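Just so you know, these numbers come straight off a predicted model, no measurement behind them. Here is how names work: the chains are called A, B, and so on, in the same order as the sequence lines, proteins then strands, and each is numbered from 1.
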Number of protein chains: 2
Amino acid sequence: MSEKSKQRKLVLRERLVVAAEARIERAGLASLRARDMASDAGCSLGAIYNVFEDLNAVVMAVNGRTFRKLGTVVANSVADAASIAPTQRLIIMSNAYLHFAAEHKNLWRALFDLQMSSDGMVPDWYLAALRDLFQHIAEPLAEIFPDKNAADLDLMTRALFSSVHGIVLLGLENRISGVPIEKVEMMISQVLGEVGKKN
Amino acid sequence: MSEKSKQRKLVLRERLVVAAEARIERAGLASLRARDMASDAGCSLGAIYNVFEDLNAVVMAVNGRTFRKLGTVVANSVADAASIAPTQRLIIMSNAYLHFAAEHKNLWRALFDLQMSSDGMVPDWYLAALRDLFQHIAEPLAEIFPDKNAADLDLMTRALFSSVHGIVLLGLENRISGVPIEKVEMMISQVLGEVGKKN
DNA sequence: CCCATTTATGAACCACGTTCAATATAGGGC
DNA sequence: GCCCTATATTGAACGTGGTTCATAAATGGG
């Protein structure tokens, strides 16, 4: 395969990912259609399968972008906050997470709605992005609990991430909550604030 | 429509729900097929649509049963625990929630995977079941925080339910955690334990 | 027993992801 | 520039699965 071919392949992949992302963002993962994507990207239906394994792979690529954006947003939220108390930093990051989820609800949901656990193949970038996210949480936690060992810290990191994720998830699910976003912020602060009271 | 007709309709509904439940429990919501359900229940394909609006409605009926079972399990876990400290009661209920989810993973996931928020119609029994669940959580919380008003308690109830839900959700999602169930119990205890330390 | 009305049936319809035989294009040797 | 082969592109066709509906069977009152 010539260099030009690889280049065109890459360009088409990009066009397809952009098209898929726009569709998902606008109308949700469930309404993504191969034929729509193809016409958005200005290629034939079959062309999708020349550059991607299947639709799932396209969505995974979209999820990759989303995950990177999410990571950036969370990291930036505490970038210049070295002097802020660790509990506050946790709350700030969680609020960044909440607002990203609220502003890109459909893209954010796609991160978790796409099932991939079935065949056990989780791509490396997914695990890496998750590790990065966890690392940002573990840091303030290590300040709050300087005596905890690595395993305990890891467990607490996962516990808190999961808690915040759950609050955001159900908070944005209007069938369950119908709670305005400021209330969701308060819920996060409540749970994290209690943890921050040390032992 | 005669009385006998209504009776037969009800019987068929029941047979279909049982068939759907078995399929979902065994292989997950995503693998439920109308044709399979019909042959399991010993009726024709079209008969499904005589007694249910569509497949979604069948799954909603299954979810109704699951939700009732879940409510019973959680309620029973603290039925004879009036003398136990409220924080412990919260932990016991959460573990009951965790174990129900772990033992009926596919049925439990179906509770949340089925999208219904789109057309805003949430059935009454769903909201009622949720209210019941929240009530069980609010009770120990009211003991821990006797000074909080109803609105604050409600917020904290939702926050803690969401937290536990998130921990269970990501804890059972092997792509993210791969954490054994005892560790998930520990995470729940950690988060709830901190809250239980009062103010 | 007959006819009207209700109920059940499954073949057919449609939407979609995916495939693949047919077509178009590209590239290299002369 | 001209073939010819290899590679890439295409979109019609296939398989699957939810849903519908014309037709057939069953039901029940007179």
Original post:
Is the shortest side-chain N to carboxylate O distance from A:Lys69 to A:Glu21 below 4.0 Å?
Top reply: yes

Subject >> Residues within residues 20-36 of chain A bordering DNA chain C, heavy-atom distance below 4.0 Å >> reply: A:Leu32, A:Arg33, A:Ala34, A:Arg35

**OP:** Just call it for B:Leu55: base, sugar-phosphate, or nothing, with non-hydrogen atoms closer than 4.0 Å on any strand.
**Re:** sugar-phosphate

Subject >> Residue-phosphate contact under 4.0 Å: A:Arg8 side-chain N/O, D:dT9 OP1/OP2 >> reply: yes

**OP:** Let me know the distance between CG of A:Asn50 and C1' of C:dT23, rounded to the nearest Å.
**Re:** 14 Å

Subject >> Nucleotide C:dT9, atom P - distance to CG of B:Leu12 in whole Å >> reply: 9 Å

Original post:
What do you reckon, is CG of B:Asp124 surrounded by more than 12 foreign heavy atoms closer than 6.0 Å?
Top reply: no

Original post:
So, do B:Asp152 and B:Phe145 sit near enough that their side-chain heavy atoms are less than 4.5 Å apart?
Top reply: no

Subject >> Distance in angstrom units between B:Asn56 CG and D:dG17 C1', rounded >> reply: 14 Å

Original post:
Who passes side-chain contact (heavy atoms from CB on, under 4.5 Å) against B:Ser94, sequence neighbours left out?
Top reply: B:Val164, B:Ile188, B:Leu192

Original post:
Between B:Trp108 and B:Tyr97, what is the ring plane arrangement, given parallel below 30°, perpendicular above 60°, and tilted in between?
Top reply: perpendicular

Original post:
Would B:Leu169 and A:Leu169 satisfy side chain to side chain contact (heavy atoms under 4.5 Å, CB included), going step by step from the backbone distance to the final call?
Top reply: CA-CA 11 Å; B:Leu169 184 70; A:Leu169 184 70; 3.7 Å; yes

**OP:** Quantify the bending of the helix from C:dC1-D:dG30 to C:dC30-D:dG1 as the angle between its end axes, each fitted on five pairs, to 10°.
**Re:** 10°

**OP:** Side-chain contact test, heavy atoms from C-beta onward, threshold under 4.5 Å: evaluate it for A:His99 versus A:Ile181 and give yes or no.
**Re:** yes

Original post:
B:Leu45 CG to C:dA11 P: how many Å, rounded?
Top reply: 10 Å

Subject >> Whole angstrom value for the distance that separates P of C:dT6 from OH of B:Tyr49 >> reply: 24 Å

Original post:
Are any non-hydrogen side-chain atoms of A:Leu29 and A:Asn106 less than 4.5 angstrom apart?
Top reply: no

